[in-house]
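Values below: every heavy atom of this structure, side chains too, minus hydrogens, waters and symmetry copies. For reference, positions follow the sequence shown, starting with 1.
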Amino acid sequence: MDDVFRALADPHRRELLDRLRARDGQSLGELAEALPQMTRFGVAKHLRVLADAGLVTTVRSGRRTLHHLNAVPLQEVAGRWLTPYTATVAQSLLDLRSAIENPDGSPPMSEPVVYRILIRASAEQVWSALTDTGVPRSWMWGTTIESTWQVGAPYAMSDGGTDLIVGTVRAVDRPRRLAMTFDPRWDDASTAEEPGELVYDLHDDGDGVTELTVTISGLAGTSAASAARDTPEIYSGLKSVLETGEPLR
């Protein structure tokens, strides 16, 4: 957490995060345009500080290296001091301000959104938490998920018999990679929108810590806005459950 505060202390790094929030998945050259007074080397050093703090994730796309905002550490900072009640109130006020300032809604998710989080648990433990069927998951608002987790099999995440997310499993490499289509159904607006893709990549280097990378792509409209808002909280909650052994309340 100290690394996060140090990274956020510099206004140039906050500007880079603002640029990624406005449009995720930018190259070093594109981000350097935000700081014209600084050399690319200087911008790269700032991006390294942000990456070391977990606030920026890099992904190779062909010959390019793209930088993505990773909001999970920020969610962990907020979760340390916000109770569930105050967090709900604060988010409601932020949603109200966003609706007033941006009445047309959020832009489409034109680039994949990538979240990366370190969890003190084995890759097998993380995999099981992501895929255990029929087990209420406190880190995902008590919903359950059902699937055989075979390539081509359907899956459904449900709440009291109502499917909130459905899709098809596209790739399985336990406990390293799971890819699936991602079709939100939590309201009429999201149901009418095109599905995207959700990919989990897990890396366990043997020290008891697993790096979980969550990539969401292809969503637009309200589905994209909801995913961008809720995903950091979801996987921060997963980390808390696995590391403490206690369900979220």
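One finds the CZ atom of R174 at 4.0 Å from the CD atom of E124 (value rounded to the nearest 0.5 Å). From L28, atom CG reaches atom NE2 of H67 across 6.0 Å, with rounding to the nearest 0.5 Å. A distance of 12.5 Å separates CG in L238 from CD in E233, rounded to the nearest 0.5 Å. Between the CE atom of M180 and the OH atom of Y200 there is a distance of 5.5 Å, given to the nearest 0.5 Å. The distance from atom NE2 of H46 to atom CG of L16, rounded to the nearest 0.5 Å, is 7.0 Å. In this structure, CG on L50 lies 13.0 Å from CZ on R6, to the nearest 0.5 angstrom.
Looking at heavy atoms from C-beta onward, V56 lies out of side-chain contact with L69 at the 4.5 angstrom threshold. Side-chain contact between L178 and W127 is present, with at least one heavy-atom pair separated by less than 4.5 Å. With a 4.5 Å cut-off on side-chain heavy atoms, I145 and D132 do not count as touching. Side-chain contact check for W139 versus L130: some heavy-atom pair is nearer than 4.5 Å. The closest side-chain heavy-atom distance from Y155 to T131 is not below 4.5 Å. A 4.5 Å side-chain heavy-atom check between H203 and R176 finds every atom pair outside the cut-off. Taking 4.5 Å as the limit, some side-chain heavy atom of Q26 sits within range of a side-chain heavy atom of L20. Looking only at side-chain heavy atoms (C-beta outward), V4 and L55 come within less than 4.5 Å of each other.
Side-chain contact annotation: R185 with T191, donor-acceptor N/O pair under 3.5 Å absent. Under 3.5 Å, the side chains of D159 and T143 contain no donor-acceptor pair of N or O atoms. Residues T181 and E197 bring no donor and acceptor atom of their side chains to less than 3.5 Å of each other. The closest side-chain donor-acceptor pair between T222 and E193 falls under 3.5 angstrom.
A salt bridge links R64 to E30: at least one charged side-chain nitrogen sits closer than 4.0 Å to a carboxylate oxygen. In this structure, R21 does not pair ionically with D18, as no charged nitrogen and carboxylate oxygen lie closer than 4.0 Å. Taking the charged nitrogens against the carboxylate oxygens, R19 and E33 have no contact shorter than 4.0 Å, which rules out a salt bridge. Under 4.0 Å is where a charged nitrogen must lie from a carboxylate oxygen, and between D52 and R48 at least one such pair does.
Residues T148 and A153 approach most closely at OG1-CB, 3.3 Å, considering heavy atoms. A32 and R40 get closest at one heavy-atom pair: CB-CG, 4.1 Å. Here the closest non-hydrogen pair linking Q125 and L242 is O-CD2, 4.2 Å. The minimum heavy-atom distance between F182 and P184, with the atom names listed, is O-CD, 3.4 Å. Scanning all heavy atoms of the two residues, the minimum distance from A227 to P232 falls at O-CD, 4.4 Å. The heavy-atom pair separating Y235 from I117 by the smallest distance is O-CD1, 3.3 Å.
Under a hydrophobic clustering in which Ile, Leu, Val, Met, Phe, Trp and Tyr are joined whenever their side-chain heavy atoms come within less than 4.5 Å, directly or via other members, M38 and L17 fall into the same cluster. At a threshold of 4.5 Å between side-chain heavy atoms, the hydrophobic network of Ile, Leu, Val, Met, Phe, Trp and Tyr places W186 and M140 in one connected group. Both L35 and L31 sit in one connected hydrophobic cluster of ILVMFWY residues. Membership requires side-chain heavy atoms under 4.5 Å apart, directly or through other members. Taken together through direct or relayed side-chain contacts under 4.5 Å among Ile, Leu, Val, Met, Phe, Trp and Tyr, L219 and V59 form parts of separate hydrophobic clusters. Residues V199 and W149 are members of separate hydrophobic clusters, defined by side-chain heavy-atom contacts under 4.5 angstrom among Ile, Leu, Val, Met, Phe, Trp and Tyr.
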Walk me through it: do V214 and V114 pass the test side chain to side chain contact (heavy atoms under 4.5 Å, CB included)? CA-CA 6 Å; V214 183; V114 182; over 6 Å; no
Can D230 and W141 be said to form a side chain to side chain contact (heavy atoms under 4.5 Å, CB included), step by step? CA-CA 11 Å; D230 296 336; W141 307 300; 4.0 Å; yes
How far apart are the C-alpha atoms of T144 and M157, what are their side-chain angles, what is the distance that settles it, and do they pass the side chain to side chain contact (heavy atoms under 4.5 Å, CB included) test? CA-CA 6 Å; T144 59; M157 189 190 84; over 6 Å; no
For S158 and D163, run side chain to side chain donor-acceptor pair (under 3.5 Å): C-alpha distance rounded to whole Å, both residues' side-chain angles, the deciding distance at 0.1 Å, then the answer. CA-CA 4 Å; S158 304; D163 289 344; 2.6 Å; yes
One pair to check against side chain to side chain contact (heavy atoms under 4.5 Å, CB included): E246 and V241. What are the steps and the verdict? CA-CA 5 Å; E246 298 291 334; V241 168; over 6 Å; no
Evaluation steps, salt bridge (Lys or Arg N to Asp or Glu O under 4.0 Å), between D201 and R177: CA-CA 5 Å; D201 287 297; R177 182 176 174 84; 2.7 Å; yes
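The number of heavy atoms from other shown groups lying within 6.0 Å of CZ (R14) is above 12. The number of heavy-atom neighbours closer than 6.0 Å to CG of D207, taken from other residues, nucleotides and ligands shown, is above 12.
For the pairing with L202, the side chain to side chain contact (heavy atoms under 4.5 Å, CB included) check across D173, T213, T210 returns one residue only, T210.
With R116 contributing its side chain and T57 its backbone, the two residues share no donor-acceptor pair below 3.5 Å.
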